Each structure stands twice: as structure tokens, then as C-alpha cells.
2 protein chains.
Amino acid sequence: MARSPAPRRSRGTGRVRIEDVAREAGVSAQTVSRFLRAPAQVGPEASARIEAAVRAVGYVPNLVAGSLASNRSRIVAIIVPTLANPVHAQPVQGLGDALRPQGYQVLVGTTDFQAETEEALIRAFIGRRVDGLAVTGGSFAEPSRQVLAAAGIPVVQLWELPEDPFDMTVGLSNDAIGARMAAHFAERGYSRLAVIGHAEASDTRSAGRVTGFCAEAARLGLPEPLVLLPERPMLIRDAAPLLDRLAEAHVDAVFCTSSQLSVVLLLNARSRGLAVPGDLAIGGIDSDFATVVEPAITAIRVPAYDVGLQAGHLLLRRLAGETVPERRIDTGFTFIQRGST
Amino acid sequence: MARSPAPRRSRGTGRVRIEDVAREAGVSAQTVSRFLRAPAQVGPEASARIEAAVRAVGYVPNLVAGSLASNRSRIVAIIVPTLANPVHAQPVQGLGDALRPQGYQVLVGTTDFQAETEEALIRAFIGRRVDGLAVTGGSFAEPSRQVLAAAGIPVVQLWELPEDPFDMTVGLSNDAIGARMAAHFAERGYSRLAVIGHAEASDTRSAGRVTGFCAEAARLGLPEPLVLLPERPMLIRDAAPLLDRLAEAHVDAVFCTSSQLSVVLLLNARSRGLAVPGDLAIGGIDSDFATVVEPAITAIRVPAYDVGLQAGHLLLRRLAGETVPERRIDTGFTFIQRGST
DNA sequence: CCGTTTCATGTTAGCGTTAACAGTGCGCCA
DNA sequence: TGGCGCACTGTTAACGCTAACATGAAACGG
């Protein structure tokens with residue numbers, strides 16, 4: 001008697017498969033698969049039976065198997081420095097909102113500002129065969145460039161507007177932000193200007209705003225603005241020496257390149273009895289608190305949510321097979337005049 | 001001549017596979033797979049050759065195929081209402097920080113406070129065969145319960161402490177927060193208390209804090225606190241009528257259950273010339289701005305990041321096959337005495 | 001009325017990995 | 001010296017789905 005080989009222990013997960021639905025509905029697995037992905041291609045009777053069968057057996061498609069077979073994961077990844085800062089959490093929300101209606105899910109990675117983490121995340125995400133990738137900044141060291149090129153997926157850089165992006169980019173010009181505020185100050189008749197930035201060299205955002213501010217002031221023929229770069233521009237007590245320096249230089253309008261600082265400065269100025277904007281006009285970056293203080297602060301709003309949303313739309317177009325000519329999208333920003341200037 | 005069947009067009013992706021590495025290294029695919037997942041099981045010579053081969057051919061493992069074969073995705077999903085609010089973005093960060101060292105990635109879904117979205121997300125995540133799930137709140141309607149039960153994965157509810165959780169839960173008691181602040185007021189000698197909450201009925205967080213505050217006041221024999229539930233507790237102008245009502249009732253200490261409100265109230269009180277805490281003591285929920293104003297606000301800090309971190313640790317233990325006896329983790333909160341009380 | 005297109009469905013063969021099992025060779029000990 | 005265990009590596013067959021191709025019937029058009 002021929003010895004049959006020992007039956008291999010099943011690896012099955014015991015869960016409901018597409019085959020079970022097919023049997024229940026009296027059609028082939030392929031027809032069930034079609035019904036789920038492109039219902040229009042399936043006849044009405046079969047559709048009804050399949051729908052009932054799916055419900056009856058409690059079928060939840062295994063998208064992992066689907067991804068492997070179709071070579072599309074319907075997952076898009078996004079890399080941000082941290083989710084603790086709303087300015088970086090918002091684009092994740094925007095990206096998700098853009099992609100969810102099309103059946104995509106969002107995988108998030110946080111780098112904690114470490115470039116090597118970015119590289120590791122890119123490898124991990126490519127390994128998961130994500131269909132698209134959004135990266136905050138995006139240093140893209142050589143290994144990453146190769147991995148990304150080999151993957152052949154669309155990639156969007158966020159918050160940057162390089163002349164020649166790696167693939168696509170969505171961001172805004174910090175120079176333009178600085179320039180806009182300088183122009184506003186000039187328009188309102190202020191002339192002894194100052195700008196408070198952030199000393200951290202890696203904070204290119206703040207640096208760009210300072211540069212743009214000064215350049216525009218020069219262009220308009222105003223005296224060179226006072227530039228202050230405190231290390232840690234946060235607490236009330238840090239604001240006092242800054243106010244002293246502004247007073248010494250007879251500054252009549254100051255632009256704070258971080259959202260918290262403008263609020264702190266304003267509170268401190270008021271408690272000193274300074275009139276805002278009479279003695280000192282203050283412009284800043286928008287936040288919830290910019291509208292809560294008295295007077296509300298004239299501010300520039302950076303469209304963090306939109307950065308993610310636009311990135312999502314770009315990715316979707318590419319994922320739909322479209323050739324997207326725009327490689328750089330400038331989201332711009334909103335200038336909001338309030339009481340403080 | 002036997003007609004050979006037309007060669008089926010290849011579905012290959014043209015990308016480097018484990019087979020390519022195996023050929024290059026002169027070993028079997030299985031050995032390469034082992035080297036990648038459990039290097040200790042592979043001999044030193046083979047290891048060296050495989051390592052070189054991986055580099056030479058630029059291999060990035062296809063984790064989708066791996067997930068299908070092993071029935072483990074090494075992905076954990078988290079569902080939050082929105083990422084725009086740091087209190088919900090922080091747990092995502094915490095979860096990621098807990099899981100990343102173990103090679104897990106985080107898939108995020110946002111519900112925008114819609115219960116039906118929660119259900120759709122749960123289905124989608126289960127379809128992707130996530131290994132674990134964290135859900136903010138977690139209403140878990142019947143269909144979701146079934147899907148989750150069938151999936152047999154660990155599930156953590158965030159921010160809740162139900163007596164009988166669906167599976168596991170990490171959160172804190174809002175009642176206890178209210179009680180703590182009431183006790184603090186009593187300790188400092190205040191007796192005419194008030195609490196400002198939020199009218200929105202779905203805001204169970206605020207409701208719990210109000211209840212706990214009043215209960216503790218009663219327990220300590222203080223007069224019944226004044227309870228105010230404004231619709232939209234945000235702007236300076238909204239704060240003025242609140243201050244009027246507090247004055248009418250001769251309130252000497254007020255607890256604001258939302259972080260912004262305490263700041264707004266304090267700024268307004270000061271601009272009216274009220275002494276804080278002399279005329280009115282103010283307690284709140286901690287935020288960046290609670291420390292920025294003058295005086296800094298006595299506040300309770302809710303450990304949003306820790307909620308995610310602890311959830312991650314719970315999930316990891318279960319994913320490691322451990323039986324976890326604790327089904328409810330109370331993260332507690334921190335009381336921070338500052339100048340405003 | 002017959003070739004051609006269209007529609008609906010079925011059959012087959014992977015997608016790229018890992019679980020399960022099967023050696024093979026060596027060291028060790030009775 | 002033979003038997004056993006251990007360390008390492010290889011072979012085979014899934015995992016659950018979908019792309020590609022095949023088939024048959026209905027619709028269509030000159």
C-alpha cells in the first residue's frame with residue numbers, strides 16, 4: 001500500500017476567506033473579488049447573492065493578500081518630526097482627509113528630528129510597499145534616494161520649495177512671510193523695525209522669515225531692522241530683556257517668527273503699561289491664542305492642514321496614473337490684520 | 001509538434017527578491033529569510049555572504065509577502081478623533097515611540113468624532129490584519145465587537161476607565177481630577193467655589209470633572225459650588241460675563257475644566273484689575289500657556305503622551321504572547337501648584 | 001444571418017515570503 | 001563505537017488574494 005505523505009499541518013488562520021463567500025453565493029472567487037473592487041462588472045443577480053453571502057459569513061477581505069497579488073497596498077506613508085507639535089500633526093490630518101475617500105490608509109512615522117531615523121523609516125515603508133510617501137523636509141541621503149528610485153512611487157516633500165525637488169513638493173516661502181510682514185509695517189507707517197527669530201541653526205523656517213523681513217525692509221528704504229535671536233523664546237521672564245532691547249533701539253514694530261513669542265511679548269508689554277500698538281506694534285504667526293489676547297495679534301497663518309491636503313491630492317493624481325506636470329506647489333499663507341498693529 | 005501554451009505574461013514586479021539574494025550568496029531563500037529575522041540561527045560564513053549579497057543587490061524585504069505568509073503584519077493601528085488637537089495627537093506619538101523599537105509601525109485613523117467612521121476604520125484595519133489596535137474612547141457597536149472578536153487581536157481603549165473594558169483600557173478618572181482641585185481649594189482656605197465646564201453633552205471628560213469637583217466640595221462640607229457651562233468658552237469677550245457671574249456669587253476660587261479657558265479668564269480678570277489669587281483664585285488644566293501668563297496657573301496635567309505609551313506597552317506584552325492580567329491602567333495625573341491659587 | 005463586439009463569469013497561475021518538516025554533519029558521552 | 005542531540009541548512013507547500021487569459025452567451029451591425 002502506497003504510503004501517503006504525512007499530512008502537513010495546516011497553516012490556515014481559520015478565518016473566513018473569499019472562497020467561503022464564493023461557495024455560499026454559488027459563484028467563483030474571482031467574481032466575489034470583482035464585486036468587492038468593481039461592482040459594476042458583476043451582474044445584478046450575482047451581486048445580490050454575493051452581498052448576502054458576505055454578510056452571512058461575516059467576511060472581511062484580507063487586504064494583505066490583496067496587496068501582494070495586486071502589488072498595490074493602498075497605504076500612503078507620511079514622515080514628520082513629531083506629532084506633539086500641531087504644525088506637524090496637521091499635515092497628517094490633511095493627508096488622511098485627502099486619501100481616505102479613495103480608500104487609502106495613512107502610515108505615520110516620526111523622526112524626532114533625527115536624519116538617520118528618516119532613512120530607517122523610508123526603508124521600512126518601502127518594504128511595506130506603500131503606494132506613496134510624504135516626507136517633512138526630506139534630506140534624502142543617497143541610500144534613501146536609491147531605495148525610493150527603485151520603488152518608483154510618488155514622493156512629496158512637505159514645507160519645502162526647492163528649485164529642483166526630488167519628485168514633488170508642497171510648501172511655502174518663509175522669505176515671503178517675512179517680506180509680507182515688513183511690507184505691512186511699512187504700510188502702517190512704522191519705520192524702526194525689529195524681528196525676533198530663533199537661534200537654532202537648524203530652524204531654517206525662522207531663518208527664512210528673518211531674511212525675508214530684512215530684505216523687504218531694505219528694499220523699501222527703511223533702516224536696517226534690529227534682529228534678535230534668543231535661545232529659548234518662551235517664558236514671560238525671557239520677554240523682559242527683549243523688551244528692554246526693543247526700547248533701547250526705539251523700535252516701533254516687531255515681528256515675532258514663532259507663534260508663542262508674540263503672545264508672551266504682548267502680555268509682557270501690556271503689563272509694563274506699554275500701549276499696543278501705540279508704543280509698540282506686534283506682528284506674529286497665528287495660533288489660537290493670537291485671537292484670545294487683547295488686542296488680538298496681527299498674524300500670518302501658515303496652512304499646515306492644507307500642506308497635507310495638497311500633498312494628498314498630488315499623490316492621488318499620480319496614483320491614478322495621471323502625469324502631474326506641477327512639481328512644486330506653493331500653498332501661500334494668509335495675512336490677518338488684527339488690533340496689535 | 002506539441003503546441004506549448006502561450007507563455008503567460010509575467011506579473012513580476014521586476015524588483016529584487018529574496019531569491020536573488022539567495023543566489024548571490026549561494027544559499028537557499030529560507031536561510032536568507034532566517035538571517036533577516038533571527039540572525040543567531042545562521043552560521044557565521046553564511047551570514048557574512050548574505051549580508052554582502054543584500055547590500056550588493058540592494059534588497060528591501062517585501063513585508064507584505066512576509067505578513068501574508070506569517071500572518072503577522074507588525075502594524076498596530078490607532079484611532080483618534082482628530083490629530084489637530086494635541087491631546088489626541090500625543091497618544092499617537094506615545095504609541096509609536098513604544099512600538100517602533102520592536103519593529104512595529106503605526107497606522108492612524110481619524111474619526112472626526114463620527115461613530116460610523118470608527119466602525120469603518122476598524123473594518124479596514126482588521127482587513128489589513130493589524131496585530132493590535134488602540135481606540136480613543138471606543139463605542140464599539142455590535143458589528144465592530146464581532147469583527148474584533150473574530151480577529152482575536154489585542155485592543156486597548158484610550159482615555160476611558162470602564163469597569164468592564166472590551167479588552168484592555170488605559171485612562172484616568174476625570175472625577176478624580178475634579179476632586180483633586182476641589183480639595184486643593186479647600187486646603188488653601190477658599191470656600192466659595194465655582195467650576196466652569198463645557199455644555200456639549202458629548203464632552204464626558206468635562207462632565208466628569210465637574211461632577212467630581214462638586215462631590216468633593218460636598219464631602220468637605222463646603223457650600224455647593226457654582227456651576228457654569230458656557231457654550232463656547234474661548235474668546236476674551238466670552239470671559240467677561242463669566243467673571244460677572246463669579247463676582248455676583250462672591251466666588252473666591254474657580255476651576256476651569258478646559259486648558260484655554262483658564263488662561264482667558266486670568267487675562268481678563270487681570271485687565272479688570274482683579275488680584276489673582278487675592279480676589280479670585282484660578283485653577284485649570286495644564287498647557288504651554290498656563291506657565292506663560294502672570295501669575296502662572298495652578299493646573300492639572302493630563303498625561304496624554306503616557307496614555308499612548310502605556311497602551312503601546314500593554315499591546316507589546318500581549319503581542320509577545322504574555323498573558324496580561326491588568327485590564328485597566330489608571331495613568332493618574334499631575335497636580336502642579338503655581339501662582340494663581 | 002453570420003462575424004464581431006460586449007458583457008459576465010470562470011480557470012489558472014502566480015505575488016514573495018515563511019511555517020513545517022526533512023535532512024546532514026558534527027560533537028559528545030556511555 | 002554507536003546513539004543521541006544540536007546546529008545549521010534545505011525542500012516543499014502554503015498564506016489569500018488578483019492579473020491574465022479563456023469561455024460562453026447575448027447584443028449588434030451590415
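This one's a predicted model, so the numbers in the text were calculated from it and none came from an experiment. The sequence lines fix the lettering, A, B, ..., with proteins before strands; numbering per chain opens at 1.
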Winner on side-chain proximity to I18(A), out of dG16(D), dT17(C), dT18(D), is dT18(D)

Both L63(A) and Q41(B) contact DNA chain D. Which one's nearest nucleotide lies toward the 5' end? Q41(B)

Can you find a side chain N or O atom of R37(B) that sits less than 4.0 Å from OP1 or OP2 on dT18(C)? yes

Looking at every strand, decide which applies to N62(B) at a 4.0 Å heavy-atom threshold: base, sugar-phosphate, or nothing. sugar-phosphate

To the nearest Å, how far apart are D20(B) CG and dC15(C) P? 12 Å

side-chain N/O S70(B) vs dT18(C) OP1/OP2, d < 4.0 Å: no

Once you round it to whole Å, what is the distance between P of dG16(D) and CZ of R129(B)? 8 Å

Considering only heavy side-chain atoms of Q30(A), the closest of dG10(D), dG10(C), dC15(D) is dG10(C)

Answer yes or no: does a side-chain N or O of T31(A) lie under 4.0 Å from OP1 or OP2 of dT9(C)? no

If you define the side chain from C-beta out and look only at heavy atoms, does anything of Q310(A) sit under 4.5 Å from V156(A)? no

Any base atoms under 4.0 Å from A22(B), or only sugar-phosphate, or nothing? Heavy atoms, all strands. nothing

Measure CZ/R17(B) against P/dC15(C) and give the value in whole Å, please. 7 Å

Please determine whether a side-chain nitrogen or oxygen atom of R34(A) lies at a distance below 4.0 Å from atom OP1 or OP2 of dT18(D). no

Does the side chain of R123(A) pick up a donor-acceptor pair with the side chain of S144(A) at under 3.5 Å? no

Report the distance from atom CZ of F35(B) to atom P of dT18(C), rounded to the nearest whole Å. 13 Å

Ion pair check, R317(A) and E326(A), cut-off under 4.0 Å: yes

What integer distance in Å separates N71(A):CG from dG16(C):C1'? 10 Å

Please check the phosphate of dC17(D) (OP1 and OP2 only) for any side-chain N or O of Y59(A) closer than 4.0 Å. yes

Please determine whether a side-chain nitrogen of the Lys or Arg among R318(A) and E322(A) lies less than 4.0 Å from a carboxylate oxygen of the Asp or Glu. no

Separation of atom CD in E45(B) from atom P in dC8(D), rounded to whole Å: 11 Å

Between P of dC17(D) and CD of E19(A), the distance in whole Å: 9 Å

Among dT11(C), dG10(D), dG16(D), find the nucleotide with the atom closest to the side chain of S28(B). dG10(D)

Could you give the CD1-to-C1' distance, from I126(A) to dG16(C), as a whole number of Å? 17 Å

When we call it a touch if two heavy atoms are under 4.0 Å apart, what does V64(B) touch: a base, just sugar-phosphate, or nothing? nothing

Checking all strands, does A29(A) fall into the base, sugar-phosphate, or nothing category for heavy-atom contacts under 4.0 angstrom? nothing

If you only use heavy atoms from C-beta on, which nucleotide in dG16(D), dT9(C), dT17(C) is closest to the side chain of A69(A)? dG16(D)

Would the distance check show the side chain of Q105(A) and the main-chain N or O of V76(A) forming a donor-acceptor pair, the cut-off being under 3.5 Å? no

For L68(A), which contact category applies under a 4.0 Å heavy-atom criterion: base, sugar-phosphate, or nothing? base

Quick check: closest heavy atoms across P86(A) and P91(A), and the distance to 0.1 Å? O-CD, 4.4 Å

